[in-house]
Each structure stands twice: as structure tokens, then as C-alpha cells.
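Lettering follows sequence order; numbering is per chain, from 1.
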Amino acid sequence: MFDFYFDLPHWIRMALQGLAVMLVMFPIAAACSMAERKIAAWIQDRPGPNRTLAPILAWVPGIGFLQRLGIFQLAADGGKFAFKEDAIPGHVNKFYFVAAPIIAMIPALTTVVAVPFGAYIDSAGKLVPIVLANVDLGILVVFAVSSLGVYAVILAGWASNSKFPFLGGIRASAQLISYELSMTLSVLPVFLWTNGPLAGEPAGFTGSLNLARVVEFQSQAGFWGGAWFIFLMPLSAFIFLVALFAETNRQPFDTVESEADLVNSFGSEYGAFKWSLFYVAEYAHMLIGSAIFMILFFGGWNPLPWYTLSDLAHHLNFAHLPLVMGVVGIGIFIGKVLAMIFFFMWVRWTLPRFRYDQVMAIGWKKLLPLAIANLVAYTIGIALLYR
Amino acid sequence: MSSDIFFYIFAALTAGSALAVVFTKNTVAAALSLLVSLVGVAAIFVLLDAFLLAALMVFVYAGAVVALFLFIVMLLDSQGGTRKPFKKATLFSGFVALLLLIVGLASFAQRGAQAAIVHEVPAAAVPVGASLRAYGEQLFTTYLLPVQIVGFLLLIAMLGVIVLSKKFEGLGDIK
Amino acid sequence: MAVIPVERKPLTLAERTYIPQIVGGLRTTLKHLFRKPLTLEYPEQRPALPVGYRGVPTLVKDPNGREKCVSCQLCEFVCPPKAIRITPGEIPEESTNAHVEKAPQAFDIDMLRCIYCGLCQEVCPEEAIWLQNQFSMSGYTREEMVNNKAKLYELGGTLPDAHFKWDKKKAAEEHGNAH
Amino acid sequence: MTVGLNEYLFLSALLFAIGFFGVLLRKNTLVIYMCLELMLVASTVALVAFSHFNRTMDGNVFVFFILTVAAAEVAVGLAIIVALFRRRQTIQVEELNALKN
């Protein structure tokens, strides 16, 4: 059925896959901004955007429900951003000012390549992860590329050539570097565990930071095999979560774009389409971060702990249909990621913002020692366990 | 070979942005050119099958070191400033260095033509530098002492930075 | 006044991690997530106005259809932002209300200046100007936002009158029962 | 012509030379630092290339140490520059000539 697709040259297939992922990412990221407004409204006991409606659709029965959900607001916002006059202030450094939103999008969309988002069973009965580039380095690629995201904020702040964006840029560079450390240290126990001597590795296995492997590791048989890592290493998950909030500039760590003291910082000189690119990039970062969190600690595309996607496929009898299984796996995974995004928003409307010195103190004085202690403890524990 | 084209593209990118580091007036632009150059080097590493090093290059250098540079550039706000003409000694030494460079590169090219540098080593099944375990084994067996020394160096560097950036009280009269 | 120093309790370990508090906060916000919105969806739903609401100032007539204003200009005088402009005029001899002598020829309230203070209503000896329930004034031009006399009476309508002061006065004049 | 060790070494030498000229010619301490970094990176290119073409791990492992040392060096160096700037309000090398006389 899909032979024509597999007959295409390799690079065209790759390009199509990348394009497909981007075409999914971009609308989800945009829809997240809408969801953010709706959830903000619901938590604050108000209905949120619920008026927008394309006039030609008004006769469709049941459209009122979608209208109340604010679905069409998304199109209206997007249209506005696309057609609004894109003013460039006179005092900015034009080249870097225009380059900054583009640079924001690059790492946000590039990291997707190393993130697996589903699996299917091929004709040989082998579980194959669905991922653009199934590289050995997995998590390291994601960390490395996403660490470039800071330049967008720094550049935007510097090129804007005004005070608040500049301060925001400086804050961003310090904050992102600070929390990257704890984040990297917090995931090390996971990979120590998956690469341990008893990890059930095939012969000739050379150690891997592959993300799909982490999910496979969490979908083994038995009590310890099927346990998600959130149960095995809750402290790692907690540190990763906190660092993730800081890395994505979300409340309570959004000192970079705090409108109260920095007037939205790097965004303050931007408008229209360039501003919306920053927003989409932020949500794309959140999506990737949530995806990594789900893969590392919440079993990826497995529906429940100790109940894997293959189990589900065998029970519902679609294991022999790779397409169905792939779609179900991706669906479960995206559902989990969206739940995580909801958690981001939920926290945003619950906690007040930390002061900048508090952010730094938490990062260096609390989270980093905690991450190091966690790493040392798990290293010793795993060494003892496998001796 | 397609990887040849990639080598020339990334080599040109790396060298070009390295030149931009040297010749641009704006310090921020210099830091960003350094960033591009480092990413180019990471791409060269990928061509050499050193994927881990490429990722580390981007992670450590491009992600942290250049960000630190930019942070300091913005903190000190040193925008170019006036440029004095070079002294004669500088120009002379620069000229000598250029001569040496030309001689060195020419000898490279000549030796390369003789193709005597590389002894043909049989190709391994897995390219060197592609497996993580190889790195781990090397680091914790052959190179254990350097690893520990480097760890110690990092600790000392950290202490040094803390001491340097601390404002001491009562030392104001020492100039 | 005695000063009572209150010893601040040191935080427990659980409190210092903030986590129980954060979880409590999350529970609160989650409760609100499923609560019915408190929002009044304005153009469709209208707020219930309390008695004595001070909306747009209007001119009223008494139940006999006589305009109450006698253009004494007290409101014009008292109006803090000088929003009211009255042009007094005579009441023609042949009118049944000729004994009132004066009535406004023109009565303009500039709603771009009005601050809804209610002093005009307060000061009016004839109870002719009232701040009523109307609260939403809008227009496309500045001229539209000036309420002239006709508009003011249209907005004001008729209010019940307990006194019929001028009718009594006329009756007293005619029947010679002057004060 | 296939790309062999020579091309990589040529690139390495070129990068090193560019960095060297930067150190020589620039007056801004920060830019001099960046050029030093360029020189270090140039050496890593050579090491990785040697390692790849000789099929040994040593060059690759050595790059680790270079990266670590570079990170430490940047941290200390930038701290020194900041301290210098606090004291002298300049980071231009020709103005930092207290030891000249």
C-alpha cells in the first residue's frame, strides 16, 4: 500500500519525515498558546476566549461548542500575527534583531529529530521505535542542540538596544547555563541504570544514550522491568522537572520575560510575526522537554506502568498492524506530553514568580548539590546492586 | 563522494567565521562568529565519526562557553572603541608569522602529495569514536590519572573564579 | 499601646522545601478549574442594577407630561467638570404652565466630560435631573456624545411625582389661597 | 579527490593560524580570548582527524581533556577580565600597561 513511499530516495523520505514532524509540531505549539489562555481562564473562574467564529461556519450545527472552546480564536490570532505590520524599531541592530526569532526556532525544531515518539512491531516481530534519527547519543543531542536556544534570547535582548530586553538577555544567559547543569546531572542515573551490567543487553552492546532504549527498558517484563523510572528515581525526576521549568522559562522561573519588572524583556521590542515565532519556539521547547520527561520517567508510549504498548496491542489484537500500532503509540505519547503541558500551565497559574536572586540561589545552592548527591547515591547503589 | 562536499562546505564555514572573529569590530558579532565556527567544527567531527565529541563540542563550547563570553561582553559593554594603528613590531611579527604559516602549509601540501603520512590501517567494522563504551573504557583505564587531574583542575578553577569574583573588603587602598 | 513581640515560628523541613505548600496550591487551582465561571457575559447577560444606581444623567417629566426643569442653572453651576450647558428660555404666555415662567430652551450634557458625580441631581430644586439606570453611552463622534434636550427627555422618561408643586401653586394662585 | 588526513590537518592549521593572528592583532582582551579558544579548537580538529585516520581512540580521548581545560580556562580567564575591568575600567590591552616602566 505504501510501496511508492519506500521507493522514494532516502533523502526525500527523510525530508518528508522531518516536514511531517514539523507540520505536527507547529500547530500543536500554536494550539498550546490557545490552551494556555483557556486554562488560565478556567482556573480563574472565567470562560476565556469564546466569541470568535468564522461567519461562513455559523450555520454548522454544534459549531457553538467549538466556538465556546475558542478553537477559531487560534486562526484569528494566527491571521493577525501573519498580517500585522511587522515594525522594526529604528534603534535596533537590524540583522541580529531579525535573526533572533529565526535562531529561536532552529533548536526548538531541530531537537525533534532525536526524540522517539512511538513504536510498532515489524514483520519480524521486533519492536521498532518511530524516530527521525535513531542516534546512539539521543539525550546528548537533545541537550546540546537545545542549549543553543539561549542565543535567541541573548541576541534578541542585545539587538533590541534598549534596557529591559538587554537585562532579560543577561538574565537568560545566566539562568539557562545554571539549570543546564542540574538537568544534565539529574538524568545520568537513568542512563547508568539502563546501561548497567544486568541491563539485559545483547552481545556486543557498547553502551548508549539512546532515548528509545530507555523506553524499551521501561517496558520489560517483571516488576522491576516494567516500573517507570519515576518510581525508581523520583528525586531525579523532580530535579529534572524543576530544571525543565527553568530551562523553558516557565513560571515560577520566568524571570527572563517577567512583565512586572522587565516589561516582557526580550519580547518588548518585537511585534507581529517575529514575536509569535518566539512564542511558538517557547512552546516547542516545552513540548520537547515534556517529551523527554515522559520518555525518561513516565515510560514513553506505554499506556500504564507494568502494561506496555505491546501488551495493549496483543490484548486488542492489532499487534500485526504496524500502522495501527504506530498511531496508537504516537497517540498515547502525544496524550502524555499534552498532559505534561497542562501541568506546566497549571503550575503557571498556581505559583508566583521567584525573584531573580532566588532563582539563582535555588539553582546553585539547592538543586545542583541535590543533583550531585542524587547522582553519587545512585552510582553507589547501582554499583552495589550489580556487583 | 558526498561527504567530501560536506567537508568543504563546513571547512569553509568554519574558516570563514573564524576570520570573522578576528576581523569584525563588534565584540558581540565576534562571539557569534565564534559560535558559528564551533558549530562548523562540530560538523567536521561528525564527518570524522566522532559523534560524542561533536555533541560535547556543541554542548560545552557552543552552549556554555560562548554564552559565557556573550554574558561577559554584555556585562562589560565593550563596544569596539577606537582603534590605534599597529606598531611596527606587531606588523613585523605578523608578517613573520604569515611567512611561517605559508611555509608550513606549503610543506603540508607537498607532503600530502607524497601521501606518506598515513600508513594504511585496515578499516574497523565500527568507526573509531562512534561507540560510547570505548570512550568510557579509555577514560577510566589508560587515562585515569589525567581524568583525575582534570577534575582537580576544574575544582581549582572553580575556587579561583569564586575568589576572583568576590569583592574583598578593606583592600580599596591597594592600587 | 503595648507592643507584643510575636515569635516567628521556624519553618519545618517540609515547609522549607515548599512542596506541601505547592501541592496545596495546585489542589486549590485544580478545584477552580472545574468550577463554573463567575463571569457575566455582558452583551447577552445584563448586570442587575441596585436601587439608587447612578447612571447617565437624564431629564424627567412629571406624570402630567410637563417638563420639570425651570432652568435655574444650579446644576450648570455646580457641575464640577462643566459638562452641562443650559440656555434658558421663556415659557410662552398662552401655555398652561405660563406661571412657571422659565424652561430650558436648550439643555446639553456633554457625556465626554460628565463624571457621573450626581451633584446635579443633588442640587436640583425641582427634582428634574436624575441619574438613572442607563450606564452605557457610546458614539462615533464627539458630537454624538453630547446629549441634547430631546435626547435627555427620551432617556429620562417620566418619574412619579409626589408633590405636583407647580400645579398646587397655580391652584393656590387661582383660589386665592396664597401662603 | 577524496578528503583525507591532509585536508583535515590543513583546516586545523588554518584555524590555528587565524586564531594566532587574532591573538597577535586584536587589542580587545575578550576577542584575544576568543582567538585563543579558536586555537584550542584547531588542535582538537587535528587530534580527532589523526584518531580517525589512525583508528585509535587516543586522539578522541585527548579532546575530552582539551574541552575540560578550555572550559576551566574560560571560566578563570573571564573572571580575571571582569576583575580587571572593575579595577581599570578598560579591557584594551594597550591601556593595561602598568608593568611597562
Side-chain angles (χ1 to χ4, degrees), chain B residues 1 3-4 7 11 14-15 18-19 21-22 27 30-31 34 37-38 41 44-45 48-50 53 56 60-61 64-65 68-69 72-73 75-76 78 81 83-84 86 90 93-94 97 101 104-105 108 112 117-118 121 124 128-129 134-135 138-139 143 146 150 153-154 157-158 160-161 164-165, chain D residues 1-11 13-15 17-22 24-28 30-31 33-35 37-38 41 44-45 48-49 51-58 60-61 63-65 67-76 78-83 85 91-92 94:
Chain B
M1 264 172 78
S3 73
D4 281 8
F7 170 77
T14 310
L19 280 175
V21 175
V22 177
T27 324
L34 182 65
S37 189
L38 292 170
V41 169
I44 299 268
F45 282 2
L48 289 170
D49 295 326
L53 290 180
L56 279 183
V60 175
Y61 255 116
V65 168
L68 207 59
F69 266 116
I72 299 296
V73 169
L75 204 66
L76 304 187
S78 67
R83 242 196 221 185
K84 290 183 186 168
F86 295 118
T90 318
S93 54
L101 173 71
L105 289 183
F108 256 138
I117 292 181
V118 187
V121 182
V128 166
Y135 283 98
Q138 287 284 317
L139 278 176
Y143 292 95
V150 157
L153 178 76
L154 277 180
M158 193 174 78
V161 171
L164 274 172
S165 44
Chain D
M1 189 179 113
T2 53
V3 172
L5 180 58
N6 278 325
E7 279 74 12
Y8 285 101
L9 290 184
F10 189 85
L11 175 67
L14 190 64
L15 274 184
I18 292 170
F20 178 68
F21 276 109
L24 212 60
L25 298 180
R26 292 303 297 263
K27 300 288 169 65
N28 189 327
L30 279 165
V31 178
Y33 238 87
M34 291 177 201
C35 294
E37 294 302 315
L38 264 184
V41 166
T44 63
V45 172
V48 175
S51 200
H52 177 78
F53 286 102
N54 285 326
R55 306 217 153 66
T56 55
M57 277 302 293
D58 303 298
N60 284 343
V61 173
V63 174
F64 264 101
F65 299 124
L67 281 181
T68 326
V69 170
E73 176 226 329
V74 163
V76 176
L78 289 180
I80 290 174
I81 291 178
V82 171
F85 186 79
I91 51 169
Q92 303 292 322
E94 67 257 275

So, the part of B:V21 with a heavy atom under 4.5 Å from chain D: the answer is both
Please name all residues satisfying side chain to side chain contact (heavy atoms under 4.5 Å, CB included) with D:A75, sequence neighbours left out, ordered by chain then number.
B:V161
Region of D:F20 in contact with chain B, defined by heavy-atom distances below 4.5 Å
side chain
Does any backbone or side-chain atom of D:I18 lie under 4.5 Å from a heavy atom of chain B? Answer side chain, backbone, both or neither.
both
I want to check something: taking the side chain as every heavy atom from C-beta on, are D:V82 and B:I72 in contact at a cut-off of under 4.5 Å?
yes
What pairs with B:A64 under side chain to side chain contact (heavy atoms under 4.5 Å, CB included), at least two apart in sequence or on another chain?
none
Interface moiety of B:S37 toward chain D, non-hydrogen atoms closer than 4.5 Å:
side chain
So, the part of D:L15 with a heavy atom under 4.5 Å from chain B: the answer is side chain
Closest heavy-atom pair and its distance - B:L48, D:H52:
O-ND1, 3.0 Å
When B:I44 is tested against each of D:T44, D:V41, D:L11 for side-chain contact (heavy atoms from CB on, under 4.5 Å), which residue passes?
D:L11
Could you give the distance from CG (B:L164) to CD1 (D:I81), rounded to the nearest 0.5 Å?
11.0 Å
Spacing of CG belonging to D:L14 relative to OG1 belonging to B:T14, to within rounding of 0.5 Å:
10.0 Å
Any idea which of D:L67, D:V48, D:V45 has the most non-hydrogen atom pairs under 4.5 angstrom with chain B?
D:V48
Interchain contact, D:E37 with chain B, by part (heavy-atom threshold 4.5 Å):
both
Atom CG in B:L139, atom CZ in D:F64: separation rounded to 0.5 Å?
5.5 Å
Examine whether an atom of B:L34 lies under 4.5 Å from a heavy atom of chain D, and if so say whether it belongs to the side chain, the backbone or both; otherwise answer neither.
side chain
Distance check, rounded to the nearest 0.5 Å: B:L53 atom CG versus D:N60 atom CG?
5.0 Å
At a 4.5 Å cut-off on heavy atoms, which part of B:F69 comes close to chain D: side chain, backbone, both, or neither?
both
Nearest heavy-atom pair of D:M34 and B:V73: which atoms, and what distance?
CE-CG2, 4.3 Å
